[in-house]
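Numbering of ligands and ligand atoms starts at 1, following listing order. Just so it is clear, the model here is predicted, and its values are computed rather than measured.
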Amino acid sequence: MNTIGKVILMISLSILGISNDANSQSPCIPQFTSNYEYVDNFAIHTLVSLYSGTSVNGYEVVPPSLYTVSLALGKSYPISVSTVDPISYVGNFGVWIDYNNNYQFEPEEKVLVDTNQGYTAACRFTVPADSSYLGERIMRVMYVRLGENITPCDNYYSGEAEDYTISIVGQQEDTMMYCMPFCPKLMSHVFPIEEFKLGSIHNLYSGYTPTSYSLYKHEEFTTTMEMGKYYSVKISLGSIAGVAGGYAVWIDLDNDGIFEAWERVFHDGPLLKTATGTIKLPVNPAYAGLRRMRVRSAWAEVPDHACGLVRAGETEDYTILVTESTVGESELLAVDADWSISPNPSRGNIEISSALPIDEIRIQDMTGRLIFEDNPASDHLSVNLSQPGIYIATVVIGKQVSRRRFEVI
Ligand SMILES: [Ca+2]
Ligand SMILES: [Ca+2]
Ligand SMILES: [Ca+2]
């Protein structure tokens, strides 16, 4: 920190009534040698801070007049945070809320800590139902570069901390918010979604928005999907001149506010302009109802996360109606006793055993993609699947064809 920087920091801290004295009413200020790497995008519930850039000395107190949010005791909320660019900036992320208002960020006040050395992180967390936490509280959002420990306050080489003032309230109107997707600034034109077609949704010539995110109202676009049935899907860059990439679709089938890996019902890429295929939803009565669907594009990659940053791409959210299966479940769950998959669910290593030799086996994921195929001519085989998800195994024994559904967790 140069002298001018120190003076500016001291003046700005004194204006805010904050001093660097650990005994006063302010949290410890982390020290950064370089502010070259930083938090660029952050979102929690309705607070969305995009393209904040770097800050003097890597530390910024964000006034509530600029950004704040109210969070209710016992309620759960999504968080997304990212650096500026997936190629050059990777490291660790942390978010803490000083719930007990003692100006320290204790381990139990951790809201998110992600040490996957990535460029983006996301989670859903629940505010503890403790009425002593009511009131204005400081929330610290941090990023530190690759290889550095993420703690609430220390000396670091490069990174940034942003301190927000938020309100913890007793009650709040119920609104299911989903995590925010991000696209680097001025990159929204690079790989947008120009056309999305599924069931009765045909969103054509939708272009792109500056933030690359659109939430479409149920009244504007919706469709009904019956579990166990096949639906054609098309996602395309359309006529927009741009690069190639990948696409993915998630549906929050279990309605928990999170797009889990197993809820990615379609994906294709990473070098396409148009993706077409089929979606078939797993059969489970718990999945019926109005559900959030997220469609995502990503330049040069197949989107594997529904929240936070991609290299460049767009995200469109829809609300659809998932209905119970009228056909198919009995077929999928039929037990004809002469072959089995175990364990189910598994961590990916499954054993397939049969009373008679298996002539042919095919394993497909829920998008219909062929994952594994063999002609074992044996009554036993071992298969390893690396991706969590729900799969369908189709086995041919003599002239009999039968299917089993199983899950990798
Ligand atoms: Ca920032
Ligand atoms: Ca505390
Ligand atoms: Ca979910």
Taking both backbone and side-chain atoms into account, decide whether Asn100 has an N/O/S atom under 3.0 Å from the Ca ion (ligand 2). yes
Keeping the roles fixed (side chain from Asn35, backbone from Gly159), state whether a donor-acceptor pair exists under 3.5 Å. no
Would you name the N/O/S atom of Asp254 that lies closest to the Ca ion (ligand 3)? OD1
The Ca ion (ligand 1) -> Glu162, closest N, O or S atom is OE2
Please confirm whether Phe93 and Phe42 have ring centers closer than 6.0 angstrom. no
Tell me, please, if Ser52 has any N/O/S atom, main chain or side chain, under 3.0 Å from the Ca ion (ligand 1)? yes
Aromatic ring proximity, centroids under 6.0 angstrom, Trp262 and Tyr287: yes
Can you tell me how the ring of Tyr216 sits relative to the ring of Tyr318, calling it parallel under 30°, perpendicular over 60° and tilted otherwise? parallel
Examine Glu160 and say whether one of its N/O/S atoms is closer to the Ca ion (ligand 1) than 3.0 Å. yes
Verify the distance test for Asn101 against the Ca ion (ligand 2): any N/O/S atom under 3.0 Å, yes or no. no
May I ask you to check whether Asp40 brings an N, O or S atom to under 3.0 Å from the Ca ion (ligand 1)? no
Only N/O/S atoms count here: what is the atom of Asp252 closest to the Ca ion (ligand 3) called? OD1
Apex the Ca ion (ligand 2) - arms OD1 from Asn102 and OE1 from Glu109 - angle rounded to 10°: 160°
Asp40 side chain to Thr83 backbone, donor-acceptor under 3.5 Å: no
How are the rings of Tyr99 and Tyr133 set to each other: parallel, tilted or perpendicular (split at 30° and 60°)? parallel
Nearest N/O/S atom of Asp256 with respect to the Ca ion (ligand 3), by atom name, please. OD1
Determine whether Tyr178 and Tyr213 satisfy the following criterion, ring-ring contact (aromatic ring centres under 6.0 Å, His included), listing intermediate values before the conclusion. CA-CA 12 Å; Tyr178 283 79; Tyr213 174 59; over 10 Å; no
With a cut-off of 3.0 Å, does any N, O or S atom of Tyr99 fall short of it relative to the Ca ion (ligand 2)? no
If I take the Ca ion (ligand 2) as the centre, what angle separates the OE1 atom of Glu106 from the O atom of Gln104? Nearest 10 degrees is fine. 90°
Tyr89 ring center within less than 6.0 Å of Tyr119 ring center: no
Mind reading off the angle at the Ca ion (ligand 3) between the OE1 atom of Glu263 and the OE1 atom of Glu260, rounded to 10°? 70°
Using 30° and 60° as the class limits, which term best fits the ring planes of Tyr156 and Phe32: parallel, tilted or perpendicular? parallel
Any N/O/S atom from Phe42 (main chain or side chain) under 3.0 Å of the Ca ion (ligand 1)? no
Asp98, N/O/S atom nearest the Ca ion (ligand 2): OD1
